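Written below as structure tokens is the structure these notes are about.
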Amino acid sequence: MNLNSPELSDSEAEIPWGGVSRHIGRSLERRFGLEPTDAYCQDWELEVDVPHQKLPEILSFYEQPATTLDERKACAALWLSTFNLLLRSTFPSDLSNRHWMNEVWLAVTAILHRDQVLLKPVIDDWASWNAPNEDEEFSISPMLRKAVTGSQKSNHPSYPSIKILIAMDKFKGSLTATQAGEAVARALHPLPCDLCPIADGGEGTCEAIITAMGGHWQEVGITDAIRRPAIARYGLCPNGDAVMEMSAASGLAQILDQPLTPHLASTHGTGVMMCDAVKNGARRIIIGIGGSATNDGGIGMARALGCRFIDAQSDEVTDLPQDFERVVRIERSPRPLPEILVACDVDNPLLGERGATRVYGAQKGVTDMPFFEARLTRLADMIQRDLGTDHRDVPGAGAAGGLGFGLMSFCNAKLVSGFDLIAEVTGLEARMADATLVVTGEGKVDSQTLFGKGPAGVAEMARRRGLPVIAVAGTVEDSQAVRSRFDEAYAVKPEAMPLAEAMRRGAELIEETVVRHADRFRELASLRPA
């Protein structure tokens, strides 16, 4: 929610605590097409039927998440002003208006409980309007006074001290992280929710960072993982950061229209994208490395950056990774590179049972596990000998078919948790400060989720604050290791439903699941941590 939109002037967007009623009049006029008034309470009473008819639209506007302290103040003040004006008016007695009045009441009471400190200046200001001989038209309504002061219990339902932080990751192939979070929030209405979409170094990381940092997209011609011409895009930010995802150039999703050929799949396009960022003045490159189609250890990327792979006849080998068996020596690129941070969503090493090939190879079409394991082992040994580095056992080296290893070896890159990077940019931990429940999830919550994926990071952060955590996912692995991370874990896909249908109906299934378990959400959200 941004109150400083072009629809309001700067002076109107600043809400003086003594002028909330005047501001609400102007806001309603401009935003909802109401007739001009003198913007005082008594004038709104003369046209009370118009705000009633606009209540659904007004509700929708005020329920957009406020992202700063000033916006929370403004949003809460607007709510109270609207509610006070409506309470001081004479409502028609039809059921529809009573329904929307109750909806407004639920939202107001939630804001009162959540933002008592922020709203004290408003409440004190309104209380002063009730001084002797003050015009009754400007006074706070008796009903709202009861809610504000807590002097009498109301018969209306309320949700004291509840705030639900919704930190969803994407449902791959179905919903973005934002869309998944919005579906949860709709199902929990009218409980107060704060949406904070997350990513973990995979798809969605780039967009989240670019949005947070005010960057813009840049396009570059590349070849995809199977060497077809394509266009990739990455972000350039005002601070000099280039933000990209290897999946934009070498991703699995781009080549699913063809038979998988992992022995040919190359990260060359990712290297071309990095070169373009350097050409455009990037002072730092942040690259997410999830969603890859490759298992080449990053040698395609390295060649695009200027590294040379030499055979026994001292000729350069250019057809990589197909002809890697011919390579006997590696030479580092002479090109200077900026600092490179790798947003990595897993902690797998390069080799072994938890390595790149054995854990992720099958989804890329790998069937001959020993061949690919031997190829990566030979690469690691050659780099250790020729370049003097050995990152094979570093957590994350096995990410993206060994691209994590390649970026460290060829580019002196630093691997950082993709989740930690996003959490820092979005202020996730700070937003947990006044939450009473955290909801997270992704398309599939299973044992892989526990290895550095976003929902596991959210759960760990929430646990440190003593907050309950609920996972909402397409499917949930029925294991103690998974379920021990969350207070509750709900799968939205019915067992008998085909996967394609479930992906098509992702938002609908999330809403249905959350509504079905809404009592449990409320119960956990009401347990404020010690």
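Quick caveat: nothing in here was measured; it's all calculated off a predicted structure.
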So CG of L341 and CD1 of I285: to nearest 0.5 Å the spacing works out to 10.0 Å
Minimum heavy-atom separation for I289 to A399, with atom names?
CD1-CB, 3.6 Å
Counting only heavy atoms not in E325 (residues, nucleotides, ligands), do more than 12 fall under 6.0 Å from its CD?
yes
Say you draw a straight line from CD of E488 to CZ of R483; how long is it, rounded to the nearest 0.5 Å?
8.5 Å
Taking every heavy atom of T426 against every heavy atom of P197, the minimum-distance pair comes out as CG2-O, 4.4 Å
Measuring from R228:CZ to Q254:CD, what's the distance to the nearest 0.5 Å?
8.5 Å
R392 and Q384: side chain donor to acceptor below 3.5 Å
yes
Can you check whether C206's main-chain N or O pairs, donor with acceptor, with E245's side chain at less than 3.5 Å?
yes
Applying side chain to side chain contact (heavy atoms under 4.5 Å, CB included), run through N295 and L376 and close with a yes or a no.
CA-CA 8 Å; N295 204 84; L376 290 179; 3.7 Å; yes
Quick one: sort the H517 and Y490 rings into parallel, tilted or perpendicular, breaks at 30° and 60°.
parallel
One thing to verify: whether D347 and R354 come together as a salt bridge, which I'm taking to mean a side-chain N less than 4.0 angstrom from a carboxylate O.
yes
Heavy-atom side-chain proximity of R303 to I299 below 4.5 angstrom
no
Hey, mind stepping through L337 and N412 against side chain to side chain contact (heavy atoms under 4.5 Å, CB included) and telling me if it holds?
CA-CA 9 Å; L337 292 172; N412 296 317; over 6 Å; no
List the atom of A489, the atom of V476, and the distance in Å for their closest heavy-atom pair.
CB-CG1, 3.9 Å
Less than 4.0 Å between a side-chain N and a carboxylate O, is that true for E512 and R516?
no
Taken to the nearest 0.5 Å, the spacing of M461 CE from R431 CZ works out to 12.0 Å
Quick check: do I330 and L379 have side-chain heavy atoms less than 4.5 Å from each other?
yes
Using the side chain to side chain contact (heavy atoms under 4.5 Å, CB included) rule, pick out the option among V439, V445, I470 that qualifies with F486.
V445
Output yes when D487 and R463 qualify as a salt bridge under the 4.0 Å nitrogen-oxygen rule, no when they do not.
yes
Determine the minimum heavy-atom distance between M301 and M274, stating which atoms define it.
CG-SD, 3.9 Å
Using a 6.0 Å distance limit plus a 45 degree cone around the ring axis, check whether R375 lies over the aromatic ring of F324.
no
Is the side chain of R332 donor-acceptor paired with the backbone N or O of S409 at a distance under 3.5 Å, no angle test?
yes
Is it true that D296 and K364 have a side-chain N and a carboxylate O under 4.0 angstrom from each other?
no
Is the shortest side-chain heavy-atom distance between I287 and T270 below 4.5 Å?
yes
Side chains of T318 and D323 in contact at under 4.5 Å (non-hydrogen atoms):
no
So do M432 and V458 actually touch side chain to side chain, heavy atoms under 4.5 Å?
yes
Got V346 and V359 here, is their nearest side-chain heavy-atom distance under 4.5 Å?
no
Report yes if some heavy atom in the side chain of C275 is under 4.5 Å from a heavy atom in the side chain of L305; otherwise report no.
yes
Under a 3.5 Å distance rule, please check whether D311 uses its side chain to pair with a backbone N or O of Q313 as donor and acceptor.
yes
Begin from the C-alpha positions of E523 and R520 and carry the test side chain to side chain contact (heavy atoms under 4.5 Å, CB included) through to its verdict.
CA-CA 5 Å; E523 178 186 358; R520 183 59 172 156; 3.1 Å; yes
Worked verdict on I383 versus D390 for side chain to side chain contact (heavy atoms under 4.5 Å, CB included):
CA-CA 7 Å; I383 287 175; D390 187 4; over 6 Å; no
Rounded to the nearest 0.5 Å, the NE2 atom of H268 sits from the OG atom of S250 at a distance of 10.0 Å
Are any non-hydrogen side-chain atoms of Y234 and I210 less than 4.5 angstrom apart?
no
Show your working on salt bridge (charged side-chain N to carboxylate O under 4.0 Å, His left out) between R227 and D319 and close with a plain yes or no.
CA-CA 11 Å; R227 310 180 191 195; D319 196 357; 2.5 Å; yes
Without swapping roles, check the side chain of T294 against the backbone of A265 for a donor-acceptor pair under 3.5 Å.
no
Short question: side chain of D224, backbone of I255 - any donor-acceptor pair under 3.5 Å?
no
How close do A277 and A242 get, counting heavy atoms only, and between which atoms?
CB-CB, 3.7 Å
Has T440 got a side-chain atom pairing as donor or acceptor with A167's backbone, closer than 3.5 angstrom?
yes
Atom CD1 of I231 and atom CD of E219: how far apart are they, to the nearest 0.5 Å?
6.0 Å
Could you pull out the closest heavy-atom pair between L195 and A185, with the gap in Å?
CD1-CB, 3.7 Å
